[in-house]
Structures are given as C-alpha cells and as structure tokens.
Amino acid sequence: MPEGPEIRRAADKLEQAVAGKPLTYVWFAFPELKPFETALTGERVERLETRGKALLTHFSNGLTLYSHNQLYGVWRVVKAGETPQTTRSLRVRLETEDAAVLLYSASDIVMLDADGVAGHAFLQRVGPDVLDMTLTVDDVKARLLSPRFRRRQFSGLLLDQAFLAGLGNYLRVEILWQAQLAPRHKAAELTEPQLDALAGACLTIPRLSYQTRGLVNENKHHGALFRFEVFHRAGKRCRRCGELIEKTTLSSRPFYWCPGCQK
C-alpha cells in the first residue's frame, strides 16, 4: 500500500494538472455524488491536501472531496477528453480545458462541507501528518511520551495512523534502523538521546523519501538520495555494522532489521 510520501507525490501531480482552472466536466460513479456534478462544474480545484493516506480535494465553492485509496484505488492524469483503456472501475472524473484527473477502484469517497471535514471519523482519528512541515521533532517527541503512546511497542505504533499519519511498513523499518532501535521497545524505556533520535527519524525518513521522489540507490550513496538500508535487504550486510539483515513478521507485516546495531 502506498505510504505518505507516495500519496503526497500523487497529490502534487493532480494539483499541477487541474488546480486553479475551471472544471468543464465533472462525473461521479456513485449515485449519492451525482448531485455534485452540476454544483462543481465551473468551480476550481483550489488545493489538494493529504492526511496520511487520505486525500482531500478542496473546491472553490467550499466543498471538499474526501477519498482514501485503500488497497486498490489509484489516481491518473490524462489529457482532456481522453479515456484510457483499463479494466479498473472509474469512480471520479474531474476535467478542465487541458487535463483530467481520474480516480479508479476506490470505494471510500464522500463529499463534505467544512463541518463534514471537521467531523469526519477518519480525519478526527488520524494524528498529524509527517509531511506537514510545521510538525517538529519536539512535537513528535511529545506524542511519543504521551500517556496514549508511551507504552506501545514500536512495531505496532509506527503503523498506527493515530500516532503519525502517513507512516507505513517501509517507513517503520527504515525509521527504526536509523534510530538504532529494536521493534519491541517502547518510548517509556528510552533515554533522552534515543528519544531524540527516534523523533528525528520519524520526520527525516519520510520527508527524504518524498523530496527525492522515492528514488532508491542500492549501490552508492549520492548526497540526499533516498535508499533502503534494511527494507527488502534480508541476508545482505548492514551498511552500518556489517551484520546480516534479518526478516520476520510483526503486526502482520514483513519486518526487516539488523540484529547487530538495533538493540
């Protein structure tokens, strides 16, 4: 499943294609959304906001389209009037004079006003987004030490969108490697330097992945290029300590770590 950096990059592409331009054609597959086709025609997409793996498309008339891709949803950008050949089910089409953005296969789609956004169950449940540049290391550290999260093992905590929205399995693996922590640990057990390292990694790893557009270099590190240090590297040498990277399953997801330097 795509994680926060991939969702934000998808939102960037959609925004570049249609934001600020009048919508010439709007189509929804679901009957409950049909009344909004006329209401949105002639309006503009003002911006696209990500909340972890959810996407909020904000329109100039104050409405917001909430969508969550879950396992199978995918957005595509095409030329205006173009309809790609695909076996996927089209759910949403937003078209301007130049381009169209298409949402396929997603089922969690709803139109909201401002009060609806504020009261939406998923949006109320998720924590701050790791790609929100106003979020600081101190903010993350405070969440780690809060009564709600301080006794949660990291193996599950770093997959919980209520802790930080946008984290997922490959980010969980890389964050714990960067902080040199084993997945069984809890924030309540850490020293101050360990807390600082973990809180910092929770922000730097996903932001680096986003900024480098997910480019991974397995052979040689060039500047700020993002690369996997442990994810999908079972049986290979840890580039920090030389031990063999191992693989197991934690919280029903594959987990990779270095037993030599993740204590």
Side-chain angles (χ1 to χ4, degrees), residues 1-23 25-30 32-78 89-96 99-135 139 160-168 171 203 206-207 209-211 213-214:
M1 179 185 290
E3 300 181 21
E6 291 74 44
I7 299 298
R8 185 59 253 178
R9 284 197 299 274
D12 291 345
K13 291 179 182 178
L14 302 179
E15 208 166 55
Q16 185 177 15
V18 299
K21 305 169 186 176
L23 293 170
Y25 180 72
V26 178
W27 181 88
F28 297 111
F30 299 147
E32 63 270 22
L33 295 176
K34 285 293 185 184
F36 296 105
E37 294 175 348
T38 302
L40 291 175
T41 301
E43 300 291 338
R44 292 171 169 80
V45 173
E46 290 194 329
R47 64 189 177 94
L48 284 99
E49 177 186 3
T50 55
R51 302 272 189 96
K53 300 171 187 180
L55 186 66
L56 299 176
T57 304
H58 297 287
F59 299 100
S60 53
N61 63 355
L63 292 174
T64 297
L65 183 69
Y66 168 94
S67 60
H68 195 300
N69 285 7
Q70 298 174 309
L71 285 176
Y72 303 111
V74 61
W75 284 93
R76 293 282 184 263
V77 177
V78 299
S89 298
L90 183 63
R91 306 299 196 195
V92 177
R93 184 182 186 103
L94 305 175
E95 186 167 324
T96 68
V101 295
L102 315 178
L103 175 57
Y104 291 98
S105 304
S107 57
D108 191 2
I109 307 169
V110 64
M111 193 70 69
L112 305 169
D113 58 14
D115 289 338
V117 172
H120 189 276
F122 176 83
L123 299 177
Q124 285 188 317
R125 189 167 64 248
V126 296
D129 195 295
V130 288
L131 296 179
D132 178 353
M133 295 306 169
T134 66
L135 186 67
D139 294 331
D160 186 349
Q161 299 301 290
F163 171 57
L164 289 176
L167 296 184
L171 291 174
L203 296 183
R207 290 174 181 180
S209 178
Y210 166 69
Q211 291 162 3
R213 305 186 64 79

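Take H120 and apply the side-chain hydrogen bond (donor to acceptor under 3.5 Å, both in side chains) test, not counting sequence neighbours, and it matches no residue.
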*Checking side chain to side chain contact (heavy atoms under 4.5 Å, CB included) for the pair L14/L55: CA distance, chi angles, key distance, verdict?*
CA-CA 11 Å; L14 302 179; L55 186 66; 3.8 Å; yes

*Begin with the C-alpha distance, continue with both residues' side-chain angles, and end with the deciding distance and a verdict on side chain to side chain contact (heavy atoms under 4.5 Å, CB included) for L103 and S67.*
CA-CA 9 Å; L103 175 57; S67 60; 3.9 Å; yes

*Test side chain to side chain contact (heavy atoms under 4.5 Å, CB included) applied to D129 and R8, step by step*: CA-CA 11 Å; D129 195 295; R8 185 59 253 178; over 6 Å; no

*Give the intermediate values and the outcome of side chain to side chain contact (heavy atoms under 4.5 Å, CB included) for residues D108 and Y66.*
CA-CA 8 Å; D108 191 2; Y66 168 94; 3.6 Å; yes

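Annotation: the span from L94 atom CG to Y25 atom OH amounts to 11.0 Å, rounded to 0.5 Å. If you take CZ on R47 and OG1 on T57, they are separated by 10.5 Å, rounding to the nearest 0.5 Å. Atom CD of E46 sits about 10.0 Å away from atom CZ of F59, to the nearest 0.5 Å. One finds the OG1 atom of T41 at 13.0 Å from the CZ atom of F36 (value rounded to the nearest 0.5 Å).
Taking each heavy atom of R91 and S105 in turn, the nearest pair found is CG-N, 3.7 Å. Considering all non-hydrogen atoms of both residues, L171 and P5 come closest at CD1-CD, 3.8 Å. Closest approach of T64 and H58 over heavy atoms only: OG1-ND1, 2.8 Å. Heavy atoms only, all atoms of each residue included: F122 and A54 are closest at CE2-CB, 3.6 Å. In this structure, T50 and A11 approach most closely via the heavy-atom pair CG2-CB, 3.9 Å. Residues A29 and K34 share a closest heavy-atom pair of O-CE, 4.4 Å.
Looking only at side-chain heavy atoms (C-beta outward), W75 and K13 stay at 4.5 Å or farther from each other. Side-chain atoms of D12 and Y210, non-hydrogen and from C-beta on, do get closer than 4.5 Å to each other. Contact of the E95 side chain with the V26 side chain is not registered, since no non-hydrogen atoms from C-beta on lie closer than 4.5 Å. Using a 4.5 Å heavy-atom cutoff, the side chains of R125 and Q161 are not in contact. Counting heavy atoms from C-beta on, the side chains of P206 and L164 never come closer than 4.5 Å.
Although no hydrogens or angles enter the test, the distance criterion places no donor-acceptor pair under 3.5 Å between the side chain of R93 and the main chain of W27. With hydrogens and angles ignored, the 3.5 Å screen pairs no side-chain donor or acceptor of R51 with any backbone N or O of G166. Side-chain N or O atoms of E43 include none that pairs as donor or acceptor with a backbone N or O of L23 at under 3.5 Å. In terms of modelled atom types and a separation under 3.5 Å, the side chain of E49 and the main chain of L56 share no donor-acceptor contact. Counting only distance, with no hydrogens or angles, the side chain of E3 and the backbone of G168 share a donor-acceptor pair below 3.5 Å.
For Y72, the OH atom sits in a loose shell: 12 or fewer heavy atoms of surrounding residues, nucleotides or ligands are nearer than 6.0 Å. Counted within 6.0 Å of CD on E37, heavy atoms from surrounding residues, nucleotides or ligands total more than 12; the atom is thus considered enclosed.
The side chain to side chain contact (heavy atoms under 4.5 Å, CB included) test with V77 is passed by exactly one of V18, L102, V101: V101.
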